[in-house]
Amino acid sequence: MKLFSRSSSPRRPEAYSPESAAASAAHPHDGLLDPALAHLTGEWMIDPAHSRIGFSVRHAMVTTVRGAFTEFESRLYFDGVDPSRSKAQISLATASVDTGVEQRDDHLMGRDFLDAANFPRMTFKSTDVQIAGADVYRMAGDLTIRDVTRPVVLELTYIGNVTDPFGYQRAGFDGTTTINRSEWGLTYSAKLAEGGAMVSEKVRLQFDIAAIRTAPTG
């Protein structure tokens with residue numbers, strides 16, 4: 001997964017030359033990728049105990065409801081030499097939705113929204129990763145909800161990496177994207193007396209992720 005590329009020291013400007021200009025045109029993002037992070041290449045997974053995959057949506061036009069999916073599985077691959085080859089797959093249990101209100105959670109799991117009885121999983125599978133800036137990336141992928149698959153683009157910000165006391169390499173990042181839920185068949189549309197929607201069609205998905213390498217580094 002194209003998550004890790006932080007430059008820790010400032011770079012001195014280089015003198016202009018036709019050769020360097022041509023190289024920059026051919027590899028426009030080379031200066032944003034830290035070669036020291038090549039050692040992070042390998043398989044990773046999301047640490048559920050230190051991560052949150054959530055959402056927020058406007059309710060009754062004046063408040064925001066926030067929730068999360070508490071059960072999920074993941075498989076990540078990061079290529080520190082060629083980050084465009086990095087990949088991510090995430091599968092969430094729709095019945096694990098938690099907004100802190102049991103009645104609302106039951107409604108979200110019902111046929112008006114996720115229909116967890118018939119569609120127990122929702123998934124994301126990456127298709128492309130691009131550098132958008134220093135520590136910022138765009139990961140395109142397919143999001144499947146209720147067996148409807150549509151493309152989305154996640155904006156990812158890399159936070160950093162450490163080795164924990166048990167010898168595991170950890171890395172953190174934040175990601176977000178906004179979707180129109182009706183495009184995935186979530187068309188519940190109760191109206192307010194004033195004419196607005198009880199639940200906005202726009203849903204912001206949020207990924208607060210601690211990734212852990214699947215084998216100890218030491």
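Between Phe124 atom CZ and Ile53 atom CD1 the span is 10.5 Å, to the nearest 0.5 Å. For the atom pair CZ of Arg85 and OG1 of Thr41, the computed distance is 9.0 Å after rounding to the nearest 0.5 Å. Ser86 OG to Leu76 CG: the interatomic distance, rounded to the nearest 0.5 Å, is 9.5 Å. The CH2 atom of Trp44 lies 5.0 Å from the CD atom of Gln169; values are rounded to the nearest 0.5 Å.
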Ignoring hydrogens and angles, write down the donor-acceptor pairs under 3.5 Å from the side chains of residues 140-147, residues two or more places apart or on other chains.
{"residue": "Thr144", "atom": "OG1", "partner": "Thr149", "partner atom": "OG1", "Å": "2.6"}
{"residue": "Arg146", "atom": "NH1", "partner": "Arg111", "partner atom": "O", "Å": "2.9"}
{"residue": "Arg146", "atom": "NH1", "partner": "Phe113", "partner atom": "O", "Å": "2.5"}

Can you give each donor-acceptor pair under 3.5 Å made by side-chain atoms of residues 114-121, sequence neighbours left out, with the distance rounded to 0.1 Å?
{"residue": "Asp115", "atom": "OD1", "partner": "Asn118", "partner atom": "ND2", "Å": "3.2"}
{"residue": "Asp115", "atom": "OD2", "partner": "Asn118", "partner atom": "ND2", "Å": "3.2"}
{"residue": "Arg121", "atom": "NE", "partner": "Ser91", "partner atom": "OG", "Å": "2.9"}
{"residue": "Arg121", "atom": "NH2", "partner": "Ser91", "partner atom": "O", "Å": "3.1"}
{"residue": "Arg121", "atom": "NH2", "partner": "Ser91", "partner atom": "OG", "Å": "3.1"}

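Grouping the Ile, Leu, Val, Met, Phe, Trp and Tyr side chains by contacts below 4.5 angstrom, directly or via other members, places Val153 apart from Tyr137. A continuous path of Ile, Leu, Val, Met, Phe, Trp and Tyr side chains, each step under 4.5 Å between heavy atoms, connects Trp184 with Met109, placing both in one hydrophobic cluster. When hydrophobic clusters are built by joining Ile, Leu, Val, Met, Phe, Trp and Tyr residues whose side-chain heavy atoms come closer than 4.5 Å, directly or via intermediates, Ile212 is grouped together with Phe166. Put simply, Val148 and Val203 are part of the same group of oily side chains (I, L, V, M, F, W, Y) that touch within less than 4.5 Å, one to the next.
With Phe207 as reference, Leu154 is the one residue of Asp174, Leu156, Leu154 to meet the side-chain contact (heavy atoms from CB on, under 4.5 Å) rule.
Not one N or O on the side chain of Thr157 forms a donor-acceptor pair closer than 3.5 Å with the backbone of Val136. Checking side-chain atoms of Ser51 against main-chain N and O of Ala210 turns up a donor-acceptor pair under 3.5 Å.
Within the 6.0 Å centre-distance limit, the rings of Phe69 and Phe55 are counted as a close aromatic pair.
Between Arg181 and Glu201, no side-chain nitrogen of the basic residue sits less than 4.0 Å from a carboxylate oxygen of the acidic one, so the salt-bridge criterion is not met. The pair Glu155-Arg138 meets the salt-bridge criterion, since a charged nitrogen lies less than 4.0 angstrom from a carboxylate oxygen.
Looking only at atom types and distance, the side chain of Asp98 has no donor-acceptor partner in the side chain of Thr70 under 3.5 Å away. With hydrogens and angles left out, the side-chain atoms of Arg204 and Thr176 include a donor and acceptor closer than 3.5 Å. At a cut-off of 3.5 Å, with distance as the only test, a side-chain donor of Asp128 or Gln130 sits close to an acceptor on the other residue. In the model, Arg104 has a side-chain atom that pairs as donor or acceptor with a side-chain atom of Thr99 under 3.5 Å.
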*Worked verdict on Thr64 versus Arg58 for side chain to side chain donor-acceptor pair (under 3.5 Å)*: CA-CA 4 Å; Thr64 298; Arg58 187 74 69 187; 3.1 Å; yes
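Counting heavy atoms from C-beta outward, Glu73 and Met45 have side chains that stay 4.5 Å or more apart.
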